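Scroll down for the structure; my scribbles are underneath it.
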Amino acid sequence: MKLHEYQAREILAKYSVPMPPAEVAETPEQAREIAQKYGGDVVVKAQVLMGGRGKAGGVKLCSTPDEAAEFTASILGKKLKSIQNPEGMVVERVLVAKRVDIVEEYYIGILLDRARQQNVAMVSAAGGMDIEEVAAKTPEAIAHIPVNPKWGLWEYEVREGLRKIGFRTDKIGAMASMVRKLAQAYNAEDATLVEVNPCALLSDGSIVAADAKVSIDDSALFRRPQWQAFADDAADDPIEAEAARRGIAYVRLDGNVGVLGNGAGLVMLTLDEIARAGEKAANFLDVGGGAQAERVRECMELVLMDERVQAILINIFGGITRGDEVAKGVTEALAKLDVKVPIVVRIEGTNAEEAREILSKANLIAAQTVQEAAQKVHELLSA
Ligand code: GDP
Ligand code: MN
């Protein structure tokens, strides 16, 4: 789960990460007062859960409290859009930070590197811009330092990593200290990402985190009540948020076939078969083992909330889950909801016979195998 910059700063402050002072404002008046306090020279930053706010027009360097208030008024309540986020996100707050005099910009990211199968600290002297671009053009300019999940980083490990990328020797000590603190925060706070871009070298020689991004591991939210409470309204996708509230394993994908299955493996196989048939799934949804009719109905509701869904494929292999219970849930959902899309169902295993009996009365398309079900979905969508 992504956190806002002001929340990320709260976390980093616990690890004494040096940052320019800043406060959150929810009105132009508040922004003005904060700017006044900092002497007028401030940066006003939209607090939205997306990167590239600068390019999207969500960050402004201001020189007077009036300017800070004006810019705040101009973005509050508005949607900030970027290439990655064409739909945009509404700005509800801004962060007013004391403006610092940046001489150089660096990049630091602590994250799980799935290819390397370890946590790594990625550090580059080419900060400020997209790290993806740096990675593509000059991969040798990025240090990858493994972060031990228990011990974090040793000073010498960071220093060595920084030396390898030719980081300026006079700032290796200060930079190493910054990287180690971020790694400590990453490990201790159940983070999946701690990113500082830019990490800024100031004209006074100090190094500060001029931006902060933290994501918390969703699986650790049960022991992070503060972030759990925030998670509900923070989800990128309202359907994912609703799924989280209902405790349903749901992941949004980018196709148009709604998928329901029992068991993660079976759902993945269903996604593969849909892809093989030339279509794309709109979601991953696991109704779970032993699902009852009520649960299945809830899952159906969830999938139907998605306007992109043009067909639904239900794939159930009954074990503990009883086919007839699933069938009941599906027919209940059909009776209750105004379903406008075709539904293809394949049910095998426990009580499959009874399930087919129940489903035959409803307006559904039956399939014997997953392949056949996927093929039928494909035919329906290409018709
Ligand atoms: P992002 O675009 O969402 O990553 O937002 P940032 O917080 O990183 O701000 C965008 C850019 O504004 C940064 O890359 C900096 O170049 C610049 N910036 C942010 N804060 C300051 C500051 O205090 N002083 C100066 N001179 N530039 C700043
Ligand atoms: Mn940034």
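Just so we're clear, the structure is a prediction, and the values are computed from it rather than from any experiment. For ligands, and for the atoms within them, numbers begin at 1 and follow the listed sequence.
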Using a strict 4.0 Å threshold on nitrogen-to-oxygen distance, state whether K164 and E140 make a salt bridge.
-> no
Using 4.0 Å as the upper bound for N to carboxylate O, is an ion pair formed by E372 and R346?
-> no
Could you tell me whether some N/O pair between R53 and ligand 1 is separated by less than 3.5 angstrom?
-> yes
Decide whether an N or O pair under 3.5 Å exists between R99 and ligand 1.
-> no
Heavy-atom contact under 4.0 Å between P20 and ligand 1?
-> no
For [atom], what is the nearest protein heavy atom, given as residue, atom name and distance?
atom                    : value
atom 17 (C) of ligand 1 : E105 OE2, 4.5 Å
atom 14 (O) of ligand 1 : P198 CD, 3.5 Å
atom 19 (C) of ligand 1 : V43 CG1, 4.2 Å

Taking the side chain from E67 and the backbone from S63, do they hold a donor-acceptor pair closer than 3.5 Å?
-> yes
Sub-3.5 Å donor-acceptor pair from the side chain of T331 to the main-chain atoms of K328, do we have one?
-> yes
Option set V208, L61, V100, criterion heavy-atom distance to atom 23 (O) of ligand 1, minimum | V100
Which atoms form the tightest heavy-atom contact between I165 and I142, and what is the distance?
-> CG2-C, 3.7 Å
Protein heavy atom under 4.0 angstrom of atom 28 (C) of ligand 1, is there one?
-> yes
At distances under 2.8 Å, what protein N, O or S atoms surround the Mn ion (ligand 2)?
-> N197 O, D211 OD2
Of all residues at least two apart in sequence or in a different chain, which pass the ring-ring contact (aromatic ring centres under 6.0 Å, His included) check with H4?
-> Y6, F230
Contacting atoms of ligand 1, where contact means under 4.0 angstrom from a heavy atom of G54 = 1 (P), 2 (O), 3 (O)
V259 side chain near V267 side chain, heavy-atom distance below 4.5 Å = yes
